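Proteins get letters first, then strands, A, B, ... in listed order; numbering begins at 1 in each. Computed from a prediction, not measured in an experiment: that's the story for all the values here.
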Amino acid sequence: MTRRILVTSALPYANGPLHLGHIIEALQTDVWVRFQKLLGHEARYVCAEDTHGTPVMIKAQSEGITPEALIARVAAEHRADYQGFLVGHDWFHTTHSPENRHFTDLMFGRLKAAGHITQRSVRQAYDEQAGMFLPDRFVRGTCPRCKAPDQYGDSCEACGATYAPADLIDPRSTLSGSTPVWRESEHLFFALGRFEPMLREWVASGALQAPVRAKLAEWFEAGLQDWDISRDAPYFGFEIPGHPGKYFYVWFDAPIGYLGSLKALCDAQGLDIDAFLKVDSDIELHHFIGKDISYFHTLFWPAVLHGSGMRRPTAVHVHGFLTIDGQKMSKSRGTFITARRYLERLPPEALRYYFAAKLGPGIDDIDLALGDFTARVNSDLVGKLVNIASRCAGFVAKGGGVLASELPDPALYGEFTAAAPRIAALYEQLDYAQAMREIMALADRANQYVDAHKPWALAKDPAKAAEVLAVATQGVNLFRVLMLYLAPVLPQMACKAAAFLQTPLARWNEIDAPLLGTPLAPYEPLAQRLDAKIVAELVEAPLAPATAAVKPVAVKPAAAVPAAAVPAAGPGTITLDDFTKLDLRVAEVIEASEVEGSDKLLKLTLDLGGTRRTVFSGIRGSYAAASLVGRKVVLIANLAPRKMRFGVSEGMVLCASGSDDRVYLLSADDGAAGGMAIS
RNA sequence: GGAAAGGUAGCUCAGCUGGUUAGAGCACGGCACUCAUAAUGCCGGGGUCGAGGGUUCGAGUCCCUCCCUUUCCA
């Protein structure tokens, strides 16, 4: 029976670039959708740009452009990144669209008509200078409990306390720096509590993973509160019909954006959207999300759908967060890898495979361990999988380029195809990690087969040419099965493999019959090995010691030796290897300026023979900015970039220093040019 | 503060409802092979399964306490 399935992943927000955390979700979703399509099901994957809200409005203001211009630009970047990772959205829309407005108004109207919308006054922080109400995150101040300074208005990162912005000691607006005042304003609320029985029944229907159900139980226990769905002007979003000056809260119209995107898809393809949305729809609706937005997707969203007379989600699949080498990925910690940064350096399928190899059905966090990533991809994809085709192709070519007319070991082939239901079940239940393990175990078996039959030895005897071709044919067929199993994860490689095999890899049951007596195209490498050095470049800036956050960059050369190698007592002896870890370069100073707010730092723009670097250097006490332009200084070019209050410093300029307060810049002699290596 | 998940070989992880000498991949050592992108195959070293109690004929697997990590809290 053909299933009809609508799938979504969370909408990326239009105020910043995609990072690998977005990508892991998109990949989990994309693999599932591709798998469903491979089975022959009618699956559609829609997503959209999440465009509304204060952060977008503020960011656009700060860039001096309209919100529309901002979201158009960011959406284009997001699309390019998704495409770069081979994420096959059937439709990618935007929440700032007529379709989304249609559904937002429609659903609000129905909720209101059914009496699910209430109205009451709310006291909220107001920035008189900026002329607007402030979201909690835009108010900062001292934590009322632990007295930690500079905390967000909703919770304290230091002690974990949660509170209201009004509880903060010495609150300040992050927009203007002024002290907010407290003003009353009428807000609209969605009466979530009324839906508790419906939600309990929905949760019991098996739409959620066990840990998520447990979380829901906790929320039910705490009691469901009304949800504030309105915001005051100025706000970038949809004005609420019948409530001038009030706008829908971004989180109200964001999930509705799924439907807006679906509508655009249906309009384009002539589909009947009601078939998807009617209460008794037999089309499945699957949402893929991160655990941070569970509340919106497991409570508000089903309730809003139900209250609007629409169907509820079939399932909400929650995944964990991504960590990098065990560390939380975040800008402030410097372990932030953007999708773009990855794509500029490495092939998308390497990460697709690695994430698949680590994604299970649970909500545990997924670690991208860079060393493991390199080893795993090189070993599994190149050493095992691709190797099978690579080592057999030559024998087929020499034997005439056409596969043998029968398999020498049909039982082994049968063993491979017999794994199909098991692997399908694993894909279906999102246990990609187990699926990858099973597939790689089969790849081992295929290599063992080739090894046991030694076609290279047989080939020495011209009389055994048929035997050689038979073994190679077996190997190619085993490879074909594996490649089909991996097609949801590695669509590009599957495509190249199909070209090699001269037959499509488009249907799950295509492998029922082996490929016999047909020609092969010349073999071309299907995947390249990863270079550990390039992989290491993914990490932008390792965590600097917290106490050094606002200290100027150190200028003592000795401190530049890799920290781990230096005991507190002193540098000690290092090996040549240690030294060669340093990438020292001649760099020409192009611009130099004083850093406002710092009495020690100069901001230097350096030329390295075509590429530019920005470095903050603590030499203001010894050098005037203007005197530096044109000098050729010595730069540690591979020092991890470091975030400072004033920007990111991408290296360190070497200086000598003694007992006086001065530092003395090192320079290269005349004739040296920016970018030259120093050794 | 409340809650959840996790702590298993150097690294990344499997180990279902408790049951023979705890597994895989990578890394490491040895051997073989040379068709293949220094790829492959075979053999091997390596773990008191976070700590301490308890239940049981028997616990990595159940219970309690503690330690550590991570996450969630509209």
Side-chain angles (χ1 to χ4, degrees), chain A residues 136 145-146 154-156 159-163 190 192-193 209-219 221-229 249 251 290-301 318-323 325-329 354 357-360 362-398 431 433-434 436-438 440-441 443-460 468 471-472 475 479 523-530:
Chain A
D136 292 356
R145 191 169 78 182
C146 76
D154 52 355
S155 65
C156 173
C159 72
T162 56
Y163 42 73
F190 172 64
L192 179 65
Q209 295 129 292
V212 182
R213 279 203 304 275
K215 191 69 199 171
L216 272 274
E218 202 183 302
W219 284 330
E221 191 63 28
L224 304 182
Q225 304 298 307
D226 288 352
W227 181 33
D228 186 349
I229 59 165
Y249 175 40
W251 260 113
K291 57 187 172 187
D292 53 330
I293 54 176
S294 297
Y295 203 94
F296 294 101
H297 285 80
T298 59
L299 295 176
F300 291 143
W301 178 234
V318 182
H319 62 80
F321 282 1
L322 179 66
T323 58
D325 277 332
Q327 278 198 310
K328 182 180 179 180
M329 183 164 74
Y354 188 69
K358 301 202 76 160
L359 274 167
I363 62 169
D364 299 339
D365 289 350
I366 306 294
D367 188 40
L368 169 57
L370 297 176
D372 184 52
F373 167 58
T374 312
R376 189 87 183 253
V377 167
N378 287 343
S379 165
D380 285 3
L381 252 33
V382 182
K384 291 181 181 178
L385 176 73
V386 166
N387 185 51
I388 303 164
S390 174
R391 70 194 306 195
C392 291
F395 293 116
V396 176
K398 279 177 215 151
D431 197 349
Q434 183 64 30
M436 295 306 112
R437 278 196 292 276
E438 301 235 354
M440 282 308 143
D444 285 342
R445 297 268 292 126
N447 276 310
Q448 285 160 13
Y449 170 84
V450 177
D451 229 73
H453 292 81
K454 303 191 181 358
W456 57 90
L458 298 172
K460 288 174 182 160
V468 173
V471 171
F479 169 75
Y523 176 79
E524 282 170 35
L526 296 167
Q528 69 229 48
R529 308 180 72 77
L530 302 183

| message | Assuming nearest nucleotide by heavy-atom distance, tell me which of A/I363 and A/K460 is located more 5' along RNA chain B. | response |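 In this pair, the answer is A/I363.
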Residue-phosphate contact under 4.0 Å: [X] side-chain N/O, [N] OP1/OP2:
X: A/R529; N: B/rA39; value: yes
X: A/S379; N: B/rC26; value: yes
X: A/Q448; N: B/rC42; value: yes
X: A/K358; N: B/rC13; value: yes

Between [atom2] on [N] and [atom1] on [X], what's the gap in Å once rounded to a whole number?
X: A/Y449; N: B/rC33; atom1: OH; atom2: P; value: 21 Å
X: A/D364; N: B/rU70; atom1: CG; atom2: C1'; value: 10 Å
X: A/D380; N: B/rA39; atom1: CG; atom2: P; value: 13 Å

Quick one: label [X] by what it contacts on the DNA or RNA (base, sugar-phosphate, nothing), any heavy atom closer than 4.0 Å.
X: A/K454; value: nothing
X: A/A369; value: sugar-phosphate
X: A/G290; value: nothing
X: A/D365; value: sugar-phosphate
X: A/I366; value: nothing
X: A/P525; value: base

| task | Look at the aromatic rings of A/W251 and A/F296 and report parallel, tilted or perpendicular, splitting at 30° and 60°. | result | parallel
| field | Salt bridge flag under 4.0 Å for residues A/D431 and A/R437 | value | no
| request: Please determine if A/K291 and A/D365 form a salt bridge, counting it only when a charged side-chain N lies under 4.0 Å from a carboxylate O. | output: yes
| Hey, where does RNA chain B pair up into stems, meaning at least three consecutive Watson-Crick or G-U pairs with distances under 3.5 Å? |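 When the pairs of RNA chain B are grouped into runs of at least three, the stems are B:1-7 with B:67-73, B:10-13 with B:23-26, B:28-32 with B:40-44, B:50-54 with B:62-66.
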